[in-house]
Amino acid sequence: MPKLLFLAALNLVKNPGRALALVLGIGGPLFLFIAGAAISAGLSRDATVSIESGADIYVTFDRGGLDANIPVSYVEELSKSQFVVEVRPRIVARLAVAPETWALVLGIDPIAAEEATGLQSGRLFESNSKNEVALGPVLAQRLGLTPGKQLLLATAFTHKVVTVVGILSRKGTLWDSAVIWAPFAQAQELFGMRDLATDILIRTRDEISATRLADRLARSEPRLRIQTRGLVRRYVLQGYGVTSGVFSAIYAVTFASGVLALLVISGLGSKERRREVALLKALGWSARHILVLVSLEALLCCLLASALSFLFAFAWVRLFNAPLLASLFIAELDWFPGIEIPAQFDAGILALGLGVSLAITWAGTLIPTWRTACVPLRETLR
Amino acid sequence: MCPTSRNFAVRDPIIEASNLVKTFNSGGPFELRVLCGVDLKVFPNSAIGITGSSGAGKTTLLSCLSLLDAPTSGSLSFFGQPAQFLTEGAQSVLRREKLAFIFQDFQLFEDLPAWLNVCVGRFVEKASLRQLHWQAIETLEQVELQARADHLARLLSGGEKQRLAFARAIARAPEILLADEPTSNLDPDTAKLLTSRLQRYLEQGGTLVAASHDPAVISLCREVYELSEGRLRKATQA
């Protein structure tokens with residue numbers, strides 16, 4: 001085996017063009033895969049963090065199995081429960097703020113901890129303020145807004161000029177990037193939701209309290225739609241699983257086509273390569289030995305390509321915020337996002353990338369090698 | 001020399017070809033029948049010379065005799081075993097341990113150094129790389145090419161390539177050496193060197209089947225055949 005490994009390495013060194021084509025052919029798509037998988041894992045992790053730091057129970061009205069607005073009067077009723085620590089009504093809605101620019105309006109009064117942190121510039125609005133908002137960093141950048149500037153918010157119910165008082169931190173979660181954070185009352189007015197909220201967030205004493213409260217609410221109030229943290233976590237992670245799966249499937253098909261095309265163009269399809277295989281056979285190598293040699297060559301190429309791809313993907317995401325790629329995963333982002341993209345690089349992603357590339361490369365090299373090895377040698381050597 | 005098979009008697013033919021036919025483009029408009037019923041027995045320690053005009057089919061015959069090509073019909077056996085019953089693995093062992101072939105067009109690994117060309121066929125054996133390297137250098141010394149051991153094959157002259165191809169063939173001390181024009185395109189001194197090495201190989205008990213026009217090579221052969229119109233005819237007895 002060491003001799004075959006030596007020969008495989010030498011073959012790559014002696015044929016730099018072929019080796020480079022193979023490394024680039026494998027490394028290019030692998031770079032996308034590693035970066036994409038890292039972003040997907042990072043988003044999933046961020047979502048988990050958000051869920052874990054969010055409310056224990058989300059309450060809405062149930063309309064045919066779908067969420068519907070809930071009267072704010074429920075806040076007082078829900079607060080009476082012995083299990084409850086805090087109850088906050090919230091409004092979440094999408095709003096066009098410029099042509100082809102959508103923002104997520106989050107109408108919720110801040111609590112003390114939120115007022116103290118998470119701002120890049122300016123300050124956070126007061127709960128009772130009428131015309132003040134804080135913006136997510138990407139939205140602020142896109143609209144060219146800084147603290148002190150004004151923004152027109154127009155809905156079917158009203159037109160409102162608000163003052164931007166603060167810009168949220170770039171290091172905040174991704175969901176804050178294109179948000180307009182407004183006081184609850186202001187959001188109610190904006191969307192014509194007098195006495196209504198899109199949902200009510202409940203914090204309980206502990207997980208057992210949350211389960212008990214959810215059960216009690218479900219039994220006593222059939223009109224309510226109760227979603228616990230566990231349920232939300234399951235939905236969200238399932239969603240990421242689907243996104244990640246679709247990306248992986250598209251990637252695998254593209255990668256397989258690319259590598260196979262590359263192998264046909266520059267690899268084993270070449271006359272010179274077929275001659276080498278035939279010559280080794282003429283010198284007494286068996287087809288098995290040749291397959292081992294070709295496998296080792298592919299392994300070395302894949303190892304090199306994986307290592308380079310991992311480094312490039314890491315730099316692409318961490319240093320440049322994954323331009324061109326992040327927007328495939330997060331619809332609201334530009335091609336060149338101005339925020340830190342959540343990503344999780346670990347050995348598992350590298351191993352997965354290496355495994356996929358090896359499987360495809362081996363399939364692409366071993367089959368033609370086997371076929372070449374079965375052709376009468378004189379025919380190939382002629 | 002390599003040991004012969006266990007059930008194989010010393011005076012049985014190593015290679016036996018019977019009614020060998022080789023046709024190219026069989027059934028097509030340009031069908032070409034190169035070998036038309038060739039019979040040949042190659043005994044241990046014999047030296048067979050095959051002559052014939054260009055295109056007579058000498059290379060095709062040697063390719064069939066060395067398992068590089070399959071005959072269209074006829075029977076071929078090696079050490080008493082019919083070739084059609086030899087598995088791919090058994091054919092590889094035969095090529096590795098018993099047969100060696102000197103190609104007319106050298107067939108070297110152009111991007112590998114000369115020493116590696118000599119021993120690359122033995123990479124699947126158990127010997128270490130260091131052992132193989134030293135054996136390759138020793139073999140290159142026999143053809144006076146040791147000074148070029150580390151040079152890439154493509155940087156060698158035609159004569160040097162011919163000597164390298166020869167060194168690769170004899171490096172494994174094969175039982176049978178099949179040589180296709182081993183001294184063509186060589187200057188007289190180099191041709192003489194290779195002829196003397198062939199002579200030494202025969203003296204050490206080797207078996208030679210050579211297709212050649214070179215009288216010096218043919219003079220080494222105890223049996224000489226002429227291949228003409230696809231048939232082998234005995235030309236002279238050395």
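Quantities reported herein were computed from a predicted structural model and do not represent experimental measurements. Lettering of chains follows the sequences in order, A, B, ..., and the numbering in each one begins at 1.
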Quiz item: Where do B:Phe109 and A:Arg275 come nearest, in terms of heavy atoms and distance?
Solution: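 Scanning both residues, the minimum pair turns out to be CA-NH2, 4.4 Å.
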Quiz item: If you take all heavy atoms of B:Ser92 and A:Ser286, which pair is closest and at what distance?
Solution: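 Residues B:Ser92 and A:Ser286, closest heavy atoms: OG-CA, 3.2 Å.
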Quick check on [X] against chain A: is it the side chain, the backbone, both or neither that has a heavy atom closer than 4.5 Å?
X        : result
B:Ser128 : backbone
B:Leu152 : side chain
B:Gln104 : neither
B:Leu99  : neither

To the nearest 0.5 angstrom, please state how far the [atom1] atom of [X] sits from the [atom2] atom of [Y].
X        : Y        : atom1 : atom2 : value
B:Glu110 : A:Lys14  : CD    : NZ    : 12.5 Å
A:Leu283 : B:Phe123 : CG    : CZ    : 11.5 Å
A:Leu279 : B:Phe103 : CG    : CZ    : 6.0 Å
B:Gln91  : A:Lys281 : CD    : NZ    : 7.0 Å

Exercise. Measure A:Leu280 against the heavy atoms of chain B and call it side chain, backbone, both or neither at under 4.5 Å.
Key: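 Both parts, backbone and side chain.
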Exercise. Output yes when a side-chain donor or acceptor of A:Lys3 lies under 3.5 Å from a complementary backbone atom of B:Ala127, and no otherwise.
Key: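 Pair found, side chain donor or acceptor close to backbone of B:Ala127.
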Practice problem: Please answer whether the main-chain N or O of B:Val120 pairs with a side-chain N or O of A:Trp285 as donor and acceptor at a distance below 3.5 Å. | Solution: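 Side chain of A:Trp285 to backbone of B:Val120, a donor-acceptor pair under 3.5 Å: yes, one is there.
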Exercise. Using a cut-off of 6.0 Å, state whether more than 12 heavy atoms not belonging to B:Glu141 lie near its atom CD.
Key: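 Atom CD in B:Glu141 is packed in, count exceeds 12.
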